[in-house]
Amino acid sequence: MAQRYVRVQTTQGKIYYGLLNLNREVQVLDAPPWLQGEPTELVLEAKSYHFLAPCAPSKIVAVGKNYVNHAAEMGTPVPEEPLLFLKPSTAVIPTDSTILYPPQSERVDYEGELALVIGARCFDCTVEEAAGKIWGYTIANDVTARDLQRRDGQWTRGKGFDTFCPIGPWIVRELNPSARLQTFVNDEEDPRQSASISDMVFSPEVLVAYISQVMTLMPGDIILTGTPEGIGPVQVGDRVRVELEGIGYLENPIAARPSRHS
């Protein structure tokens, strides 16, 4: 099994990066792993911590319509260049944390995705250089208030609510380029989404290079690489599980966000 890099918080409130062992103990690192963090003598027992998102990005750069069939289900052609948008860092939550359904929306969708973790400062990189800037891979859910996205004509509000970017549960360094991505809702046996990440229109390296020609990517930043066809709504009380072969799964329940204005 590939090494799993985690970010955890102890019951005393301390936050660490570490390596997750098979027995669920965490070997603590002295720095984030992409900043050459080395193992320390501190080992956390399985019941002494909970998972956080595996990194704390300065920004999340997301890509729209990067699978042909998803572009088709949205009723649009495949973009000639990567279609970029941003999600705020305040949208990030870890596995098992609750996605809050905002009172402003009447349709909230799941979007299972492969997420890239940037390991080194990256600006104006070639595709070849960009490959070396991708430190690892994790799973994301680009949660979207679809009705607000359509109403606004741009995507900041629909994509930007707090809790709308679950990431995790951990990071791996290598991934099969044909790994299968699947999204399940509740206890359904059949996935709502199922595709190989090799079906992307623009590969991870092309995305990193393209984004770096616009903005500087910093260590720990996240790139969401797009979602395949099969997006759909969730309701309060549902659970969404995004699985990615070679990593594991990211699962989050849905609950109503209390409104202070009701």
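What's counted below: heavy atoms across the whole structure, side chains too, no hydrogens, waters or symmetry copies. In this text, all values refer to a predicted model and were calculated from it rather than measured experimentally.
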[X]: which residues meet the salt bridge (Lys or Arg N to Asp or Glu O under 4.0 Å) condition with it, sequence neighbours left out?
X    : value
D238 : none
D96  : R239
D162 : none

**Report entry** Full working for side-chain hydrogen bond (donor to acceptor under 3.5 Å, both in side chains) between D109 and T144
**Finding:** CA-CA 5 Å; D109 286 8; T144 304; over 6 Å; no

Query raised in the report: Only one of W170, W135, Y17 forms a ring pair (Phe, Tyr, Trp, His ring centres under 6.0 Å) with Y5, so which one is it?
Result: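 Among W170, W135, Y17, the one meeting ring pair (Phe, Tyr, Trp, His ring centres under 6.0 Å) with Y5 is W135.
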
Query - Heavy-atom neighbours of Q9 CD exceed 12 at 6.0 Å - result: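 Yes, CD of Q9 has more than 12 neighbouring heavy atoms, counting only those of other groups under 6.0 Å.
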
Query raised in the report: So with a 6.0 Å cut-off around CZ of F85, is the heavy-atom count from everything else above 12?
Result: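 Count over threshold, so yes.
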
Checking [X] side chain against [Y] main chain: does a donor-acceptor pair fall under 3.5 Å?
X    : Y    : answer
Y101 : E106 : yes
Q154 : T156 : yes
T227 : G112 : yes
T183 : Q193 : no

Report task. Under the ring pair (Phe, Tyr, Trp, His ring centres under 6.0 Å) rule, collect the residues that match up with Y16, sequence neighbours excluded. Result -> none

Requested in this report: Go through E113 and T225 one step at a time and tell me if the side-chain hydrogen bond (donor to acceptor under 3.5 Å, both in side chains) criterion holds.
Outcome: CA-CA 6 Å; E113 307 199 9; T225 59; 5.0 Å; no

Query raised in the report: What pairs of residues pass the salt bridge (Lys or Arg N to Asp or Glu O under 4.0 Å) test when at least one of them lies in residues 76-89, not counting sequence neighbours?
Result: K87-D142

**Report entry** Pairs touching residues 163-188 that satisfy salt bridge (Lys or Arg N to Asp or Glu O under 4.0 Å), sequence neighbours left out
**Finding:** E188-R192

